[in-house]
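Down below is the structure, laid out as structure tokens.
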Amino acid sequence: MRQALNNLQATHSGFGYVNQENVFKVCDQPHPQVISDMLTHCLRGNVDDAYDRIKFLYAAGFSAMDIIGTVYRVTKNFNSEAMPEFVKLEFIREIGFMHMRVGDGVNSLLQMAGLCAKLCKVVECAKAGILR
């Protein structure tokens, strides 16, 4: 709670106005809407568009660990009508594997591209009825 108040105070001091965009600038976390767009593209099978969202965040200076953490939080809370439970669990599984690799020091953009491809592959397997 104290951290949230400190972030609000820093936002007001720095920008003079507290809104969503300014708070994310102060907190230095990837915006969940960009991650949500990436997940939506993965659900549609658009690897290139999903990768563009990740590349945008990576180019903006966010670390792979920050991006993976936000991908996990957004996936966990993603609309259950748009993402079936099986797909959500498989997404979280792949995100967990990626989190392990990033924690081991393999935190390149290529790894993030691989995550996008694996998430799209999960959706394609689910559509084809191929279960793990």
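A quick note: this is a predicted structure, and the numbers were derived from the prediction, not measured.
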Nearest atoms (heavy-atom pairs only) where [X] meets [Y]:
| X | Y | result |
| --- | --- | --- |
| Met65 | His99 | SD-NE2, 3.3 Å |
| Cys120 | Cys42 | SG-CA, 3.6 Å |
| Tyr58 | Ser108 | OH-CA, 3.7 Å |
| Thr75 | Met83 | CG2-SD, 4.3 Å |
| Lys127 | Leu43 | NZ-O, 4.0 Å |
| Met98 | Gln111 | CE-O, 2.8 Å |

Any chance you could measure [X], atom [atom1], to [Y], atom [atom2], to the nearest 0.5 Å?
| X | Y | atom1 | atom2 | value |
| --- | --- | --- | --- | --- |
| Ile54 | Leu119 | CD1 | CG | 8.5 Å |
| Ile68 | Asn107 | CD1 | CG | 10.5 Å |
| Asn77 | Tyr72 | CG | OH | 9.0 Å |
| Arg53 | Gln33 | CZ | CD | 10.0 Å |
| Asp48 | Cys116 | CG | SG | 10.0 Å |
| Leu109 | Leu57 | CG | CG | 10.5 Å |

Indicate, with yes or no, if [Y] and [X] share a hydrophobic cluster defined by side-chain heavy-atom contacts under 4.5 Å among Ile, Leu, Val, Met, Phe, Trp and Tyr.
| X | Y | answer |
| --- | --- | --- |
| Phe78 | Phe86 | yes |
| Met100 | Ile92 | no |
| Met112 | Val47 | no |

* **Step-by-step side-chain contact (heavy atoms from CB on, under 4.5 Å) determination, Asn19 to Tyr17** => CA-CA 6 Å; Asn19 64 12; Tyr17 182 70; 3.6 Å; yes

* With side-chain contact (heavy atoms from CB on, under 4.5 Å) as the test, would you mind laying out the steps for Arg44 and Thr40 before giving the verdict? => CA-CA 6 Å; Arg44 293 179 183 154; Thr40 301; 3.6 Å; yes

* Please answer whether the main-chain N or O of Glu81 pairs with a side-chain N or O of Asn79 as donor and acceptor at a distance below 3.5 Å. => yes

* Met38/His41 under side-chain contact (heavy atoms from CB on, under 4.5 Å): CA gap, chis, key distance, verdict -> CA-CA 5 Å; Met38 184 270 297; His41 286 298; 5.8 Å; no

* To do: Answer yes or no: are there more than 12 heavy-atom neighbours, outside Phe56 itself, under 6.0 Å from its atom CZ?
  => no

* For residues Phe91 and Leu39, determine if any side-chain heavy atom of one lies less than 4.5 Å from a side-chain heavy atom of the other. => yes

* **Pair Lys121 + Glu124: basic N to acidic O under 4.0 Å** => no

* Asked: Between Phe62 and Thr70, is a side-chain contact (heavy atoms from CB on, under 4.5 Å) present by the stated rule, with each step listed?
  -> CA-CA 11 Å; Phe62 292 109; Thr70 305; over 6 Å; no

* Return yes if a side-chain donor-acceptor contact under 3.5 Å exists between Ser63 and Asp66, otherwise no. => yes

